[in-house]
Amino acid sequence: MDDVEKAILISFEESGAIDSALKSQALSFCQQIKETPTVCRICIEKLCFCNLVQVQFWCLQTLHEVIRVKYAMLSLEEKDFIRKSVFSMCCFEVIDDKNNNAVRILEGAPAFIKNKLAQVFVTLVYFDYPLIWSSVFVDFLPHLRKGAVVIDMFCRILNALDDELISLDYPRTPEEMGVAGRVKDAIRQQCIAQIVNVWYEIVSMYRNSDLDLCSSVLESMRRYISWIDIGLIVNDAFIPLLFQLILVSGGSEQLQGAAAGCVLAVVSKRMDHQSKLAILQNLQINRVFGLVTGDIDSELVSKVAALITGYAVEVLECYKRVNTEDAKGVSLELLNEVLPSVFYVMQNCEVDNTFSIVQFLSCYVTTMKSLSPLREKQLHHVGKMLEVLCAQIRYDPIYRENLDMLDKIGREEEEKMVEFRKDLFVLLRSVARVAPDVTQMFIRNSLVSCISSVSERNVEEVEASLSLLYALGESLSDEAIKTGSGLLGELVPTLISTRFQCHFNRLVALVYLETITRYIKFVQEHTEYVPMVLTAFLDERGIHHPNFHVRRRASYLFMRVVKLLKAKLVPFIESILQSLQDTVTRFTSLNHTSNDFLGSEDGSHIFEAIGLLIGMEDVPSEKQSDYLSSLLTPLCHQVETLLINANALSPEESPAKIANIQQVIMAINALSKGFSERLVTASRPAIGVMFKKTLDVLLQILVVFPKIEPLRNKVTSFIHRMVDTLGASVFPFLPKALGQLLAESEPKEMVGFLVLLNQLICKFSTSVHDIVEEVFPAIAGRIFSLIPTEPFPLGHGTNSEEIRELQELQKTLYTFLHVITTHDLSSVFLSPKSRDYLDKMMQLLLQSACHHEDILVRKACVQIFIRLIKDWCTRPDVEAKVPGFRSFIIDGFAKNCCFYSALDKSFEFHDANTLILFGEIVLAQKVMYEKFGDGFLIHFVTNCFTTAHCPQDVAAQYCQKLQGNDMKALRSFYQSVIENLRLRQQQNGNLVFR
């Protein structure tokens, strides 16, 4: 070995036995060789005389890189030398036949060496064929007589040509697309007929002696069928040969599959649909149908399944495209012939085929709409389709326990099935629209079959049948469900009244309840079934099911059912509450722990359902009070007891008791959702008194546990609820509540506090003036001590949780200030205690109105200024309520926000939100002119237009537009002014931005 070979071997060493410094030296030496002007000759010489695989690969890889990158810079002589050398290697020849040490690279070479050699060959074709290397393929064909080695190499070259240049399965540049077109045109014109003839001869000759070689030839041929003359393949010689290979008994599955792939390529080739239909008809594809019944894991079955599916797709496409009735009739006959095999493939073969078949069947069903009403044969196919679909959506019984326990395996299996079913249910809904009667009858029979089974082992069948009924509901209108059209009038009552033997199973129980809920509008119209629905939800099939996951979902679904049926449930309230007594007791007793509900909110769904039931005005007043009292009293007692004993709690007990209190607040909150403000404050004030007492109790939580964030959040949520429920009668509780919430608030909690105040202001407007005025100084002081006066920093390390919380607080502050000003409460800012923060607030608003990255925030800030100008400035000749405010607006806001910020390049006029902001800026100028008069106009024109070197006639036009009443014209003109100034600034840079 010389130094080059040693260096290459060392560079490939990965065992760790070579010293790292030596390996680094070897890599550096190899790189130097690559940069040598004679590197191509060095590589070809090594390929001629060295049989070390590592050296061969390095040389081929280097050749490929040099040709790809530097080929244009090589001399004509060197290019010719490379072409001849590579051609000789591929044709199993020695380059220097006078040297006894010369080697043939193809002799015993591993596949990756041959593939790399093919890649080098194709790179030369890319640059030189057909203009320079015009006869390369014609010259190669005679060498195929040398036997399998050269034939195999030729196949690899054709495959590489497809992969590297022709195939559209990979992204190509426009240049590559152009070269591919040139190469294909040349091959078609020059030698494709000879190549096809060679393919036929090789397969015919080697079909009994070298099956792998024949498979390789057919795999290469398959790639080319899509763009060569179809007549070269579809003839009396090649098609019979392909089918002989496919149908040979006991043959090579690889060869059979390769032949099937070629037939699929023929079937899939783009052409005139009338011509294609003739080809499809003549193929007599039914000869291969029996092959899919073999081993479903075999390559042959997979290939034949793909052929059948592709054939069906093309026949359907022909049916859609041909114009004559005769042609449509032929297409329909072919479809009828192939569909049973398609169904078999869908039911028994791999998932990949299933998805392509589902897409085909969806198209088939959509196309068959034109045959309304469907013919007997199509109705038969629809029925078979539903059978296969039902079988496909069944879970494998092997995972039954995993799915019921919902362990890791069960969860993964359920997620896979949910995803798998999506396309299948789309198909079901398509079938239901085209053949509603057949679909409903199938589901009915499936359901009846499941009901009649006394076995507990039909879990998967029951779940699948119920899932079909559930999915069917998505294709039905509300009206169809209400009236029970078709067989629904029989299906829904059957569903509601059924107790399956396998109801204990989690999946069955869940889909059963989901399906009842899906069809609940039928029950809304047919109230005789209400008792059965209630029983289904309240017995062991629902809320009392042994599985926790079912109980939790049942609680939520029951709440939805109650929302819809509501008044129709009044006669059943007593029995409902009695059935829920044990669930409610678990919630209202002192000795239950949060583990009873595993941290879920299913308990709150039960209480919401109860609240919806007992909160109706249809319930007698006395009974309503009794119901509510029986629930609120023990819940409040539980909280009071825990609060009294709070100091005595051990560290081990404290988390559980805090979780207990959380659950109670959630329950009360949910319960209150059923009571309207009118009922609580006007028609039945006694109910309001109960909620006020409850609020008083829950506010004590903020005193005892002031720093427990989850409790603060839950109490805040309840205050929100009481604002909506109690209306203005909540006012006496607000000072205490707001005081406690504000006292210990961190940035995150302050956001929630401001949201609560926003709700109060939006609901009660100026009625909460005194409350807002009282808390505003504390709010301002707290927030201005937290948020920076400058914009938040950007870049690495600035996206911490703390920064994000402060950003959220700042945005919420803008919303809060906006709500205050737009609800006639701006006088709050002028109270003696608030005036200390006025300057900071104005500077923050101005900074954000000009530069905040969020355009919506900038818009809100501009709107705040507009409201403040309207509120605090009356007429041009009257001093503003706030000394210095007018000059601040004219000198600061008008100049920096209304002019210079719009000139900044970040102000994008093509953005919709920016245009809205611009509209507010223009409106602000109009308001300033109305309030400040000509003084504003003179100042604005002088300090903005003149400074920006704007022509005097443009400034005069602006004044004229501003003094007029056409806002649209003003806005359009001002936008043109800004855009012209920005353009001029870009051109000569003579405008200074502030």
Side-chain angles (χ1 to χ4, degrees), residues 305 308-321 328 331-332 334-347 349 351-394 417-447 463-481 483-488 491-492 511 514-515 518-519:
I308 291 172
T309 305
Y311 175 86
V313 168
E314 295 301 326
V315 172
L316 178 62
E317 194 62 25
C318 286
Y319 176 83
K320 289 157 61 177
R321 304 291 181 186
K328 283 191 177 292
S331 302
L332 209 52
L334 295 178
L335 277 172
N336 291 336
E337 183 182 50
V338 75
L339 275 170
S341 294
V342 171
F343 295 140
Y344 183 89
V345 168
M346 181 179 178
Q347 192 162 353
C349 296
V351 170
D352 289 346
N353 283 319
T354 300
F355 280 128
S356 60
I357 291 171
V358 169
Q359 291 166 359
F360 157 70
L361 291 177
S362 293
C363 291
Y364 171 77
V365 171
T366 303
T367 306
M368 289 305 107
K369 283 181 183 178
S370 62
L371 292 177
S372 183
L374 294 183
R375 300 169 189 171
E376 183 179 349
K377 200 73 175 175
Q378 278 68 53
L379 289 172
H380 171 76
H381 291 323
V382 165
K384 190 64 181 175
M385 204 181 298
L386 291 168
E387 285 179 30
V388 175
L389 200 152
C390 188
Q392 284 286 297
I393 66 170
R394 284 181 196 154
M417 182 57 85
V418 167
E419 190 62 34
F420 177 68
R421 283 177 169 181
K422 285 179 180 177
D423 286 338
L424 293 170
F425 284 155
V426 170
L427 173 60
L428 172 70
R429 291 191 287 273
S430 297
V431 173
R433 281 188 283 268
V434 174
D437 295 340
V438 175
T439 307
Q440 291 184 25
M441 179 60 76
F442 175 84
I443 294 174
R444 174 201 169 277
N445 293 341
S446 176
L447 207 56
E463 195 277 338
S465 294
L466 290 172
S467 295
L468 286 178
L469 180 55
Y470 176 85
L472 174 67
E474 293 186 335
S475 67
L476 301 172
S477 65
D478 285 350
E479 190 60 33
I481 292 176
T483 58
S485 66
L487 291 175
L488 287 182
L491 271 171
V492 178
V511 72
E514 295 280 3
T515 308
R518 168 58 57 86
Y519 291 96

* To do: Mind listing the closest non-hydrogen atom pair of Ala305 and Thr309 along with its distance?
  => O-OG1, 2.8 Å

* Determine the sole option in Leu468, Ile393, Val388 for which the side-chain contact (heavy atoms from CB on, under 4.5 Å) test with Leu424 is passed. => Ile393

* **Separation of Leu316 CG from Cys363 SG (nearest 0.5 Å)** => 6.5 Å

* **Euclidean distance, Leu472 CG relative to Tyr519 OH, rounded to 0.5 Å** => 4.0 Å

* Gln440 (side chain) donor-acceptor with Gly486 (main chain) under 3.5 angstrom -> no

* To do: Using modelled atom types only, decide if a donor and an acceptor are shared between the side chain of Glu514 and the backbone of Tyr470 within a distance under 3.5 Å.
  => no

* To do: Starting at CE of Met368, measure out to CD of Gln378 and round the result to the nearest 0.5 Å.
  => 6.0 Å

* Asked: Are Glu317 and Arg321 close enough for a salt bridge, meaning some N to O gap below 4.0 Å?
  -> yes

* To do: Work out which heavy atom in Leu466 is nearest to a heavy atom in Thr515; give both atom names and the distance.
  => O-OG1, 3.5 Å

* Asked: Could you give the distance from OG (Ser446) to CZ (Arg444), rounded to the nearest 0.5 Å?
  -> 11.0 Å

* When rounded to the nearest 0.5 angstrom, what distance separates CG in Asp423 from CG in Leu361? -> 11.5 Å

* **Non-hydrogen atoms of Val365 and Ser430 that approach each other most closely** => CG1-O, 3.5 Å

* Asked: Minimum heavy-atom separation for Ala312 to Phe360, with atom names?
  -> O-CE1, 3.3 Å

* To do: Apply the test side-chain contact (heavy atoms from CB on, under 4.5 Å) to residues Val382 and Val434: give CA-CA distance (whole Å), side-chain angles for both, the deciding distance (0.1 Å), then the verdict.
  => CA-CA 9 Å; Val382 165; Val434 174; 5.8 Å; no

* Quiz item: cation-pi between Lys384 and Phe343, 6.0 Å / 45° -> no

* Asked: What do the steps show when you test Leu428 against Phe442 for side-chain contact (heavy atoms from CB on, under 4.5 Å), and what is the final call?
  -> CA-CA 11 Å; Leu428 172 70; Phe442 175 84; over 6 Å; no

* Any side-chain heavy atom of Gln392 within less than 4.5 Å of one from Val358? -> no

* To do: Please report the closest heavy-atom contact between Val511 and Ser467, naming both atoms and the distance.
  => CG2-OG, 3.6 Å

* Determine the interplanar angle of the Tyr364 and His381 rings, folded into 0 to 90°, and report it as parallel if under 30°, tilted if 30 to 60°, perpendicular if over 60°. => perpendicular

* Atom of Gly473, atom of Ile481 and distance for their closest heavy-atom approach -> O-CD1, 4.2 Å

* Given side chains that start at C-beta, do those of Thr439 and Ile443 come closer than 4.5 Å, heavy atoms only? -> yes

* To do: Ignoring hydrogens and angles, state whether a donor on the side chain of Glu479 or Thr483 is under 3.5 Å from an acceptor on the partner side chain.
  => no

* Any salt bridge between Lys320 and Glu314, counting N to O under 4.0 Å? -> no

* To do: With the side chain counted from C-beta on, respond yes when Tyr311 and Leu334 share a heavy-atom pair under 4.5 Å apart, and no when they do not.
  => yes

* Asked: Roughly how far, to the nearest 0.5 Å, is the NE2 atom of His380 from the CE atom of Met385?
  -> 10.5 Å

* Asked: Checking Arg394 side chain against Ala464 main chain: does a donor-acceptor pair fall under 3.5 Å?
  -> no

* To do: Decide salt bridge (Lys or Arg N to Asp or Glu O under 4.0 Å) for Arg433 and Glu474; before the verdict, give the C-alpha distance in whole Å, the side-chain angles of both, and the deciding distance to 0.1 Å.
  => CA-CA 11 Å; Arg433 281 188 283 268; Glu474 293 186 335; over 6 Å; no

